[in-house]
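Just so it is clear: chains get the letters A, B, ... in the order the sequence lines come, proteins before strands, and each one is counted from 1. For clarity, every value in this text was computed on a predicted model and none was experimentally measured.
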Amino acid sequence: MSDPVLSIENLHKEFMLSHSGSASLKTMLLWWRKRRMEHLQVLRGISFEINKGECVALVGKNGAGKSSLLSLIARVYKPTSGTVTVSGRIAPLLELGAGFHPDLTGAENILFNGVILGLSRAEAKRRTSQIVDFAGIAHHIDAPVRTYSSGMLARLGFSIAVHVDADILIVDEVLAVGDFEFEKKCYEKLDQFQKSGGTTLFVSHDMDAVRKVADRCIWLKDGLIEMDGAVDTVLQQYLGTP
Amino acid sequence: MVRELRELWRFRELLVAMVDRELRIRYKNSFFGFFWSLLNPLITMTVMWAVFKFFLNNKTDSFSAYIFAAYLPYMFFQMALLDCSQSIISALPVIKKVYFPREILPLAAVLSNFIHFMLSLGVYFVFLLAVWLRHPQNSPFTITLVWVPVLIIIQLMLVTGLAFFVSALNTFYEDVKYMLGVGLYLLFFLSPIMYFSEQVRFSNSLKGAAADWVYVIYHLNPIAMLCTAYRKLMLAPVKPYVGDHQLPYLPMDWGLLGVTALVSLTLLVFGYNFFNSMKWKFVERP
């Protein structure tokens, strides 16, 4: 059973918080301002493992470090100390069209986003029709995405992420944008993804969604794991604390 | 650095896709589309040719051909650096979510401009052929044309190395792109583009050894040396006129080109290391 696709060991992350505004040469030249940099401990020693096929939900208050943890797993941040070991490919679900260029068509954006998420160009081309079908935007695929509604963008983004054959899917609170019907389709797809051996890691404040999809729940509090276990047990405690 | 390069190679498909995207975006909403890449140098060349021929009355044979030989490489230098300065900041929403080697962003900016440079060189050679066909007695081409690929490689190293510095620094200090704008404007005049490098060496205000030194120091600027080299290797030797006074022709200085090649290679290696040392901080930009 123990076949970890993701193992995290004593992970720390510290950010420098600047109070002197945006980055410019001025901030560098006024070096004494550096004293106003605040060290922000976002993650303070986290260890856990996730096995193949698990669907893990991260819960916790705002600022507990959930998104930072996801970013560290996606290799966007470098850990301050500790290690993140991933075996396999990660596909993060991008926020509302973050990877889309407004002037390019749906098809062109699918190609580019597919490659960013680790497909080759040939593979991405081959999967375009599948992605378009799932997102239900066949009619608009040759129109620039700036003409898309936010629902269409969300659907397209989700559809790309689940069709790149990643081993780990990272979802950061973005499922609630489509309509009811598409939401159902998303959950079905996630279920199917999980059954075929895919691992999902997601952050949500929607407890119903957590109960519906996750089979394990990790509760983060102030950069530490407060509780890790079965969804019902963790949520009971989490929702019980003010 | 070897590890970084191997990682970059693993993501080569992304680099191709990103260059492809840059090229598509540029002329996306325009009627002529990609044709602008040819139209742009064509219009520039025609206007400059007419101005030099009819207004400035420069007596140097096919003066405009010599101008373009330096102007087109300089445009590549300028456009690539200006583009790459914004490459990381404009991709922040994506790099905050997805991992890929960050150097792909400035590299894509350089390569898409490189493709435009190649297209404009193509237009330029058509222009040279047209001139040749009208005056078949004097061919504009020389055998040293075979060295042009070497010049292109040196320039690519130079541009890429600088692109690494510029893109990394501009992400943290956005003043860099304004300094870059001013710097490129000044470099345009400090490079032999609208005049000949012979005019530097045989300047009326400089005499003897001083003129030699100024000529050497002037060409320690890599882009100035490249402009001189493109001109001297691509086209037949010419004795430029200043007014009615004709200057002697100076042969290609291979030693100075060697210095430029070395400087460019050094900039590339240091630039890449510098970029790699900063690239994980881009997303944590204060």
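Ranked by heavy-atom pairs under 4.5 Å with chain B, the list A/Asn109, A/Val76, A/Val115 is led by A/Val76. Chain A forms more heavy-atom pairs under 4.5 Å with one residue of B/Val16, B/Asp20, B/Ile95, B/Ile25 than with any other, namely B/Ile25.
In this structure, the separation between CZ on A/Arg75 and CH2 on B/Trp280 is 6.5 Å, given to the nearest 0.5 Å. Considering NZ of A/Lys78 and NZ of B/Lys281, their distance stands at 9.0 Å, rounded to 0.5 Å. Taking CD1 of A/Ile116 as the reference point, atom CZ of B/Phe11 lies at 9.5 Å (rounded to 0.5 Å). One distance of note links CZ of B/Arg24 with CZ of A/Phe112; it measures 12.0 Å at 0.5 Å rounding.
Heavy atoms of A/Ser120 lying under 4.5 Å from chain B belong to its backbone as well as its side chain. Using a 4.5 Å cut-off between heavy atoms, B/Arg12 makes no contact with chain A at all.
Few gaps surround NZ on B/Lys177; more than 12 heavy atoms of other groups in view lie less than 6.0 Å from it. Applying the 6.0 Å contact sphere to CD of A/Glu9 captures no more than 12 heavy atoms from other residues, nucleotides or ligands. Within 6.0 Å of NZ on B/Lys279 lie more than 12 heavy atoms contributed by other residues, nucleotides or ligands. The number of heavy atoms from other shown groups lying within 6.0 Å of CZ (B/Phe125) is above 12.
Looking at B/Arg21 and A/Glu108, no side-chain N of the basic residue comes within less than 4.0 Å of a carboxylate O on the acidic one, giving no salt bridge.
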